[in-house]
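The block underneath contains the structure these notes are about, expressed in structure tokens.
For reference, positions follow the sequence shown, starting with 1.
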Amino acid sequence: MIAGTLEGYFLDIREVEFVVEQGNVYVVRNKEVKQKSMVTKLRILADLKADEQITDEEYVTSLTPNELNSLLYSTINPQSVTGLTVVKGGIAGSLGATCGRVFFSTKSLLEAYWQAKSEEADTNLILLKKSTYAEDVQAVEIGCGVISSEGGYTSHAPIVARSLGKPAVVYPEISYYDDHVMIGGNQVKEGDYLSLEITSVDEPAIYLGQATLDYPDIEKNGVKDLLSKAKRFSKGIKILANADTPPEAKQAKLLGADGIGLCRTEHMFHREKRIYDFRDLLITKNKDRKQKILDKIKAFLSKDFEEMFEIMDGKPITIRLLDAPLHEFLPNEESELDETIAQLPELAAELTKEEMRQSFLKLKETNPMLGHRGCRVGISSPEIYDVQTSAILEAALKVKQDKNVDVHPGIMIPLIMSKEEMYLIKNGQIMEGKESVKGIIGVIREFMRNNELKRQPFEVKIGAMIELPAAAISAGEIAKQTEFFSFGTNDLTQTTMGLSRDDINSFLPAYTEMDVWKNDPFQNLLDPVKLLIDQAIQAGRQVRPDLSTGICGEHGANPEVIEFCLGIGMNYISCSPFGIPIAILAVAQTNLANTH
């Protein structure tokens, strides 16, 4: 009774000291119980809400986004790592915990995976490399975690891992040898077990050996109930997901996404053995074969899009046409070139190994992130954007007709820097003496003719990804050709500040220690980047008042960035699926703070 009275007053469990004298109970002291888990804290809040001792508003504002974060990911059972060597430090790329055998290349990891699968053995595998590239996506998808020694929060491995909900850490102090690596003075060989625990409150930890994991259940731990309440207060802005595959779309929907704000199509080219078809397309000289390859690419892209439209069931999906540099699709090593030859017998009959090597070398770049990528690919090789657009349209029509599902596709053009680029890619161009460029509008017209449609069966929104200062400055002109702006804040930070997200680690500690920056600029927006975004939105809406604007970079789930987005009137934010709950809570808490 006394404990209940105290807990009712303080709205929390209390540690009570009391004495009993002559049958009377006297409370000597009571204090807060500080060492309670987040699960316990959330359960207490849920009980208080059920007993109507706190309001919905108090319920939603009693847990910080950072605290909620800790309830979404697996953790290591502390008893299971007693006696294991632990190496701490590095950069938390993607939160969570995992345990698996470690492999030093995509090839060796995939071989180990399929062997383990055939033997019904342990298929939990961790990829460990200096840095990952586009061809490593399949290993990240199949594996259970990633360790790299180069890059930062927004480098390749953490971004892919975050979208898949798998833990990733960037640990610079790794030495590489022929048959092993050294981590914190400890030798690790391929096939050895490692365990990772990456949290938002402690240093990343790499355990040498096997740990036992504890998995969250958002139904039982109260997260889903909290989010349903928070959704009531998260009005005024849509919370979308960055999702590139059907499984990611399912995860995003489960976690409460209002749709998909960024589907990165380049990731679709790395599933299964599709990268070989794309390599074939890039260097074949045979026009008939090129068309056959385009048809094959269209078929597998359309299948993926169909699944995603069906999963999202009427929610909008914005699909970004190819953004990655062509450089990322090329074979990097002799063994990869040999594998490409083995997978593409028709190309091998057309070109010698040396001719292939030279063709690939012509596409390699010194600085690919500022090179042949984004809309530049759409202009130099318009057939790539044409086939992607056609696949989107065909998939949307099939799902609408066969499944009776409403579809709301958006097509986003990446790396735009001028109104001329946007006009050409959207509207096409009639060329004298050579094949005309269809443009997105031309592909839509062709789609209508081929399917004998008198009217367009669904709306297709066309927008620009603003990730260059030139685009932000020219926003008023670009807006004349677009229906939405999506700010790619990773690249906008790189190009505005002259920073490399892959190389910032060498000086980031000095900058934060000396208060040049308060945080990593790839996790929180710097003022010059905010200024460009604000100016671009204002300029765009002067031309097109109904212009939809949002953010889709890795900053999207940061509560401070969300507050900024709400403040300048953005229509949506888009973030990785596991960032959706954080964004929902952050939006709700910001809205509630602004109403009081």
Side-chain angles (χ1 to χ4, degrees), residues 38 65-76 91-100 109 113 123-127 132 136-148 153-170 194-201 204-205 211 213-221 223-224 227 239-257 259-264 267-268 270-271 307-308 311-312 523 552-558 573-586:
M38 281 303 116
N66 207 32
E67 288 174 326
L68 175 61
N69 218 1
S70 67
L71 294 166
L72 300 172
Y73 299 93
S74 53
T75 56
I76 283 179
I91 295 169
S94 179
L95 302 183
T98 193
C99 173
L109 185 144
Y113 175 82
T123 55
N124 290 310
L125 311 175
I126 294 172
L127 180 66
T132 66
D136 298 310
V137 167
Q138 194 173 357
V140 182
E141 286 181 339
I142 285 177
C144 61
V146 192
I147 304 171
S148 57
Y153 181 76
T154 53
S155 54
H156 186 266
I159 287 177
V160 177
R162 271 196 299 281
S163 69
L164 296 168
K166 298 180 180 182
V169 61
V170 180
L194 293 180
S195 302
L196 307 180
E197 186 164 46
I198 320 298
T199 73
S200 57
V201 291
L213 305 180
D214 294 328
Y215 297 95
D217 185 331
I218 65 171
E219 297 273 2
K220 292 180 179 178
N221 66 12
V223 168
K224 197 161 186 181
L227 292 177
I239 300 167
L240 309 177
N242 298 344
D244 315 319
T245 64
E248 289 173 37
K250 284 181 183 176
Q251 188 68 62
K253 188 177 178 184
L254 174 68
L255 292 169
I260 293 174
L262 174 63
C263 174
R264 295 159 287 205
H267 291 174
M268 294 179 171
H270 292 283
R271 296 177 65 197
E307 285 188 63
M308 294 183 77
I311 288 165
M312 296 315 290
Q523 295 188 50
C552 66
E554 289 301 306
H555 300 82
N558 183 308
I573 63 104
S574 190
C575 58
S576 62
F578 281 84
I580 295 292
I582 311 305
I584 291 171
L585 190 63

So, taking the atom named [atom1] in [X] and the one named [atom2] in [Y], what distance separates them when rounded to the nearest 0.5 Å?
X      : Y      : atom1 : atom2 : result
Ile260 : Cys552 : CD1   : SG    : 13.0 Å
His267 : Leu164 : NE2   : CG    : 9.0 Å
Leu109 : Ile126 : CG    : CD1   : 9.5 Å
Leu254 : Ile311 : CG    : CD1   : 12.0 Å
Ile147 : Thr132 : CD1   : OG1   : 12.5 Å
Lys250 : Glu307 : NZ    : CD    : 7.0 Å

Report the residue from Ile580, Asn558, Leu262 that forms a side chain to side chain contact (heavy atoms under 4.5 Å, CB included) with Cys575. Ile580

Would you say the side chain of [Y] lies within less than 4.5 Å of the side chain of [X], judging by non-hydrogen atoms?
X      : Y      : answer
Thr98  : Asn124 : no
Met268 : Asp244 : no
Leu72  : Ile582 : yes
Lys166 : Leu127 : no

Heavy-atom closest pair (Leu255 atom, Ile584 atom, distance to 0.1 Å) is O-CD1, 3.8 Å

Is a side-chain N or O of Glu197 found less than 3.5 angstrom from the main chain of Ile76, in a donor-acceptor match?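 Checking the backbone N and O of Ile76 against the side chain of Glu197, a donor-acceptor pair under 3.5 Å is found.
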
So, the side chain of Ser74 versus the backbone of Asp214: is there a donor-acceptor pair under 3.5 Å, distance only?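 Here the side-chain-to-backbone pair does not exist.
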
